[in-house]
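Below: the structure, in C-alpha cells.
Here the structure is a predicted model, which means the values were calculated and not measured. Only this structure's heavy atoms are used, side chains among them; waters, hydrogens and symmetry mates stay out. Below, chains carry the letters A, B, ... as their sequence lines are ordered, and counting in each starts from 1.
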There are 2 protein chains.
Amino acid sequence: MNDVKVYTNGKAYKPIENVWRCPRHLLKAARADAIGRAGHQLQHHKLATIEDVAAIAGVSIATVSRAINEPTKVADETRRRVTEAIARTGYTTNAMARSLRMRRSNMILILAPDVGDPNFSNILVGLETEASKRGYGVLIGNTQNDATRETDYLRFISSNQADGLILFTGHLPYGFGQEGAEARLPPMVAVNEPVSNSDVPFVGVDNFEGSRVATEHLISQGHRRIAFIGHSTSKAVNILREKGYRAALEGHGITVDPRLILDGDGTTESGRAATEHMFVRDVLPTAFFCVNDATALGVIISLNARRYDLPREFSVMGFDDISFASFVTPSLTTMKQPRLKIGEEAMDLLLALLAGEKPKQNEVLLRAELIVRNSVARASRD
Amino acid sequence: MNDVKVYTNGKAYKPIENVWRCPRHLLKAARADAIGRAGHQLQHHKLATIEDVAAIAGVSIATVSRAINEPTKVADETRRRVTEAIARTGYTTNAMARSLRMRRSNMILILAPDVGDPNFSNILVGLETEASKRGYGVLIGNTQNDATRETDYLRFISSNQADGLILFTGHLPYGFGQEGAEARLPPMVAVNEPVSNSDVPFVGVDNFEGSRVATEHLISQGHRRIAFIGHSTSKAVNILREKGYRAALEGHGITVDPRLILDGDGTTESGRAATEHMFVRDVLPTAFFCVNDATALGVIISLNARRYDLPREFSVMGFDDISFASFVTPSLTTMKQPRLKIGEEAMDLLLALLAGEKPKQNEVLLRAELIVRNSVARASRD
DNA sequence: TTTGATGATGTAAAGGTTTTCATGAATGAT
DNA sequence: ATCATTCATGAAAACCTTTACATCATCAAA
C-alpha cells in the first residue's frame, strides 16, 4: 500500500524510513500494541512472544530474556516494567525456540519394556516427582523389548528431544552398544535392572542385603529347612538374592541343602511348578523363601490347593511387596522395595550427570524394608 | 587472517568474494566435508545438520527437506544422493527446529492425579502404543490433584511443548475453565473419568451397560436379593453403575429394595464398612454387586472375617478387573475394563481432533467384558 | 519459433530464543 | 579533569528447520 511504514507502540517511537534497518523490537510493535489493548486475551493460536513483551516494556528482547533468566543483571525499574509486560501479555517462553538455541530440551526419556508393569509405575512416580521438581519433563517409551521400537525411540535422543535416558530394560537400546557409537550415548541411569556388561550407573534395591535380612527373619522364627525358589544362572537379580539367602544360612551355621534350591524365572507359574516338584521328590522345607512376590504367589496357590493350613504348616516369604501382596490369603510377608525412593535417586543421579558431575559410585543401593504380614509363622517342626 | 575467504567442498565450487551473498549451503561445506571424510562418526555433541547433508549431496537444504518430507517432489537421482548423504552423516532432523518452525511438537501431555494407579498405567499402554504408532510422543504429568502442579504443567501447552492433552483428572486443569481462557484450550480428551460440566470428549467403559450385564449374571445364577455397594450422589461412575443395576433388576421384574443399596466411595474400606452395616441391620442379600473391585475386596474381607464360606453363602461381584482380582480368595468375578482399548481409542480421538476433525460424538463407550471366576455361585437360598 | 505449462531446484524468510560483543553512561580513582 | 571500571542495555548472530516464491530448463502445443 504505502511505501514507508510507520511503527508505533504508543511510546513515541519516531517513524523510520530504512525499513531493513528498523530495530527488530520495533518491527512488531503494532501487533504487540494490539495485544496490549486487548488485555491478556490472545488471538487463538498466536501466543505472545518475547518481542511483544519487549515492545510493551520499551526494552530490547535481550533485556527481556535477561530479566527472566538472570534477574540480577537488569536494573530494578526495568525488571519491574518487564514483569508487568509479561503479566499483561500472558507471555510464556517458547520451549522449542529455547531448546533449539540452548541445545537442551529439559526432557528425560524413560525407556521401559512394559509400561503396564506395577514395578514400573511405582518407580515412575519417583522419577517424575524429582524431574518435575527440577524443571524437567519426562517422556515415556514403551519398548516391549522390541528392537524396532527401541531404535524408534532413539530419535528422541539424536534429535535433541531428550537430554538423558532412564533405562528399565536391563540392556542398552538396540543400536547403541555398537562400537564407535560410544560418543553418541547420552547420560543415562539404569533402574529396576542393571545394564549388563556396561558401566551405566544403576540405582536399585540392595538385593543381597535384603535377601539376607529376609532369610534371617525366617531363621529367627525357628526355621532351619528353608527352601529358595528362583535359582537362575542368568538373571542378576536372582543370583544376588540367592547369595543373600546363602549368606544368611551360613552366618547361622546352617548347611545349605542343594535339594531345597529350585529353579525359577520369577513368574507365578514357576513358583507353582517348583512347589509341585518339591512334593514329588518329597524333600520338604518348613519355609519357602521366594525370589519375588510373583513366585511366592505361585507357591501359595500350590500349597493352598494341597489344602495346607498356612502359615501353620508352611511359611512363605516373598520379595518386592507388589500390590497384591496384602490381598493374598495369607497376606504375604515380604521385603518392600523403596520404589518411590529409587525413582527419586535415579533421577537425581541422572540430572547430576547432565550437569557434568562424575558419578562417585557406579551403583546406588537402597535398603529393602521387612514387611511382616501373615504368611510367616514360627516353625512347628524341624 | 585473510580478507577473502574461500569455500570448497571438493565439488569445484568457485571462490566467492561477496561473503554475505555466499549460498548458505556452501558456507559450511568445509565442516560437512570433514564429516564426510570421517565416515558417519561425529564430533561428540555436534550432530549433522541438514546443511551437512545438503553439501554432501550437492543440493540445497530445501531439496534435502523435500527429499525427506515429500519424496515424490524430488527427482529420483537426487533423492538417491540425499538418502546416501543422510546415511553417511547419520543425520536426524532436529525435532526442536522442526517444532519451532511448524508450531507443532508432536507431543501429547498426559495429566493424571496418580501415575502409580494401576488403572492409569494400563490405559497408558494403549495411549503410548497408539501415539507412537502415529509418530507422537507422550509426556506424563503427575498432578496429585494439586493446583500448583496442574498449572505447572500448563506451561507444556502454552510453550508449545505439547499439542494436546489427555486428562485422567476428571476436571479441567486449574487455570483453564476460567472465563476468557477458552481460546487457550488445546485439543483434549478425557479418560478414566469424564470432565464434569464441560464438553470435553470422553472415552471410557460403558458403565451402565456393563453394570446391567453384571447384575444379570447374578440374576441368572438365581439371585433375587442383590445388594448394591457404592451408592453415591456425586460420583458419575457410581451413579451410572447403580442405574445399570436398577435397570437389570427392573428388567426382570425384581423390586429394588432400598435397604440393599448402601453408600460407598469406591474404597476397600467403604466396602468393608457397608458390609458390617448390613449385618448390624440384619437385612441380608444373597449376592453383593460392588461398584468396583476395591469395594468388592472390602466386602470379601468382611465376609471372610465373619467366617462365611464364599461363594457358597454369599456371592460377590466386582467391576473393573484390577490386577489383584484374580488373587483374592475367592478369586473375583468381575467386569473387565478394556483398558488397552480405551487408551488406543482416546489417543486416536485426540489425534483426530488435532488433525482438525470434529468429533462425531462426545463420548466413546466401550463394552466391559464379563470375567467369571470363583466369587459367584448359584443362590443357595432366597 | 513462440508461448505456455510442467517439474526440479534454489533463495530467503520466518519461527522465538539466548548470548557475545559493542556501546554508552555513570562511578570511582588518580 | 582524566582515565579506568563497572553497569545496564541494545544489535545481531546463531540454533536448524520448513516453505512461499522465484528461477530455469524441458517439452508440448500452436
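Every residue two or more places apart in sequence or in another chain that forms a side-chain contact (heavy atoms from CB on, under 4.5 Å) with B:A67 is listed here: B:V74, B:V82. Checked against side chain to side chain donor-acceptor pair (under 3.5 Å), A:T129 has no partners two or more places apart in sequence or in another chain. With sequence neighbours left out, the salt bridge (Lys or Arg N to Asp or Glu O under 4.0 Å) criterion links A:E70 to A:K73. Taking A:R101 as the reference, nothing meets the side chain to side chain donor-acceptor pair (under 3.5 Å) condition, with sequence neighbours excluded.
Distance from the side chain of A:L100 is smallest to D:dC16 among C:dT17, D:dC16, C:dA12. Of the candidates C:dG15, C:dT17, D:dC16, the closest approach to any side-chain atom of B:T49 belongs to D:dC16.
Comparing A:A97 and B:A62 along DNA chain D, the residue whose closest nucleotide (by nearest heavy atom) sits nearer the 5' end is A:A97.
Separating the CZ atom of B:R81 from the C1' atom of C:dG10 is a distance of 14 Å, rounded to the nearest angstrom. Remark: C1' of D:dA13 and CZ of A:R103 are 13 Å apart, rounded to the nearest angstrom. Taking atom CD of A:E51 as the reference point, atom P of C:dG15 lies 9 Å away to the nearest angstrom. Here the C1' atom of nucleotide C:dA14 and the CE atom of A:M96 are 17 Å apart, to the nearest Å. A:D52 has its CG atom 13 Å from the C1' atom of C:dG15, to the nearest Å. Taking atom CG of residue A:L47 and atom P of nucleotide C:dA14, one finds them 19 Å apart after rounding to whole Å. When rounded to the nearest whole Å, the span between CD1 of B:I61 and C1' of D:dT19 equals 11 Å. The CD atom of A:E77 sits 16 Å away from the P atom of C:dA26 (whole-angstrom rounding).
Counting non-hydrogen atoms under 4.0 angstrom, A:N160 reaches nothing in the nucleic acid.
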Inset, instruction - Evaluate the side-chain contact (heavy atoms from CB on, under 4.5 Å) criterion for residues A:T93 and A:I50: first the C-alpha distance (whole Å), next the side-chain angles of each, then the deciding distance (0.1 Å), finally the verdict. - result: CA-CA 7 Å; A:T93 111; A:I50 199 174; over 6 Å; no
Inset, instruction - With salt bridge (Lys or Arg N to Asp or Glu O under 4.0 Å) as the test, would you mind laying out the steps for B:D76 and B:R79 before giving the verdict? - result: CA-CA 5 Å; B:D76 287 359; B:R79 179 155 15 92; 2.8 Å; yes
Inset, instruction - Check step by step if side-chain contact (heavy atoms from CB on, under 4.5 Å) holds for B:V138 and B:I166. - result: CA-CA 10 Å; B:V138 303; B:I166 296 274; over 6 Å; no
Legend entry - Residues B:L354, B:I108; criterion side-chain contact (heavy atoms from CB on, under 4.5 Å); working and verdict: CA-CA 10 Å; B:L354 281 176; B:I108 302 297; 3.7 Å; yes
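Contact annotation: A:N94 does not reach the phosphate of C:dG15 (side-chain N/O to OP1 or OP2, under 4.0 Å). In this structure, B:R101 does not reach the C:dA14 phosphate: none of its side-chain N or O atoms is under 4.0 Å from OP1 or OP2. Residue B:S65 places at least one side-chain N or O under 4.0 Å from the OP1 or OP2 atom of D:dT18.
Across B:L127, B:V189, B:L165, a single residue satisfies side-chain contact (heavy atoms from CB on, under 4.5 Å) together with B:L350, and that is B:V189. For the side-chain contact (heavy atoms from CB on, under 4.5 Å) with B:V53, the lone residue among B:T63, B:V59, B:I86 that qualifies is B:I86.
End-to-end axis angle of the helix from C:dT1-D:dA30 to C:dT30-D:dA1, using five pairs per end and rounding to 10°, comes to 50°.
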Please list, for nucleotides 5-9 of chain C, all pairs of protein and nucleotide N/O atoms separated by less than 3.5 Å.
residue	atom	partner	partner atom	Å
C:dT9	OP1	B:T78	OG1	2.3
C:dT9	OP2	B:A75	N	2.9
C:dT9	OP2	B:T78	OG1	3.4

